Amino acid sequence: MHKNQLQEYAQKSALPLPSYHTVNEGYPHAAKFRSTVLVNKTTYTSKSTFPNRKSAEQDVAKLAFDCIASNLGQEGCPLIEQDPLSSKSILHEFAVKRNLTFPKYTTTCPEGPGVVFVCSLVFDGRTYIGEVAGSKKFAEQQAAHSTIHSLLGTFKL
């Protein structure tokens, strides 16, 4: 489970896959495995030893993922800032994982000089409004982006 989480994080962040190294620190008849994982040029080592490789690798994956998640909480979510056009997908995935109703988008084109679009969305009973955009698609991404920024203070994405 934890190895899967760590691998998904690496894939979504366009990082090389985690690399595990496990050693037996015990005797052949009484194994004590300790694992190390390399993720994004950072090495994490399990604090305890385990009777089998699988448990040692799951433990170090949990340690690495928890450290990374803690750092993301302090820095914000870099994927959202690097690629705001993925905001609708991220918000949709968040709704799936939290078993919430999908966002409902409403996009309008106010009258006036120039063609601009404004999008609002309803998510989890609240309404969020995005910034003005030059296309309907980008207006929806802006609304999702605003929603995610609001949610970052409430939930851990």
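Since this is a predicted model, take the numbers as computed values, not measurements.
Considering all non-hydrogen atoms of both residues, Arg34 and Ser46 come closest at NH1-O, 3.0 Å. Scanning all heavy atoms of the two residues, the minimum distance from Ala143 to Cys119 falls at CB-O, 3.6 Å. Here the closest non-hydrogen pair linking Ala133 and Phe138 is CB-CD2, 3.5 Å. In plain terms, the two heavy atoms of Val37 and Pro18 that are nearest each other are CG2-CB, 3.6 Å. Heavy atoms only, all atoms of each residue included: Gly130 and Val118 are closest at O-CG1, 4.2 Å.
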(message) Pair Cys67, Tyr44 - check side chain to side chain contact (heavy atoms under 4.5 Å, CB included), show working.
(response) CA-CA 9 Å; Cys67 287; Tyr44 302 89; 3.7 Å; yes
(request) Apply side chain to side chain contact (heavy atoms under 4.5 Å, CB included) to Asp59 and Phe50, showing your working. (result) CA-CA 9 Å; Asp59 179 71; Phe50 296 86; 3.4 Å; yes
(request) Just do the salt bridge (Lys or Arg N to Asp or Glu O under 4.0 Å) check on Glu25 and Lys32 with the steps written out, would you? (result) CA-CA 5 Å; Glu25 296 179 353; Lys32 292 183 178 180; over 6 Å; no
(request) Go through Thr101 and Asp124 one step at a time and tell me if the side chain to side chain contact (heavy atoms under 4.5 Å, CB included) criterion holds. (result) CA-CA 7 Å; Thr101 303; Asp124 199 27; over 6 Å; no
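Checked by atom type and distance alone, the side chain of Ser146 pairs as donor or acceptor with a backbone atom of Gln142 at under 3.5 Å. Under a 3.5 Å cut-off, the side chain of Asn24 and the backbone N or O of Gly26 do form a donor-acceptor pair.
Because its NZ or CZ atom is both nearer than 6.0 Å to the ring centre of Tyr20 and within 45° of the ring axis, Lys3 counts as a cation-pi partner of that residue. Annotation: cation-pi geometry satisfied between Lys88 and Tyr105 (NZ/CZ under 6.0 angstrom from ring centroid, within 45° of ring axis).
Between atom CG of residue Leu38 and atom OG1 of residue Thr43 there is a gap of 4.5 Å, rounded to the nearest 0.5 Å. Here the CG-CD distance, from Leu121 to Glu140, works out to 9.0 Å after rounding to the nearest 0.5 Å. Here CG of Leu63 is found 10.0 Å from OG of Ser48. Values are rounded to the nearest 0.5 Å.
Residue Leu15 places its CG atom among more than 12 non-hydrogen atoms of other residues, nucleotides or ligands, all under 6.0 Å distant.
The aromatic rings of Phe94 and Phe123 lie tilted to each other, with the angle between the two planes from 30° to 60°.
Side chain to side chain, Thr22 and Glu57 meet the donor-acceptor criterion of an N or O pair below 3.5 Å.
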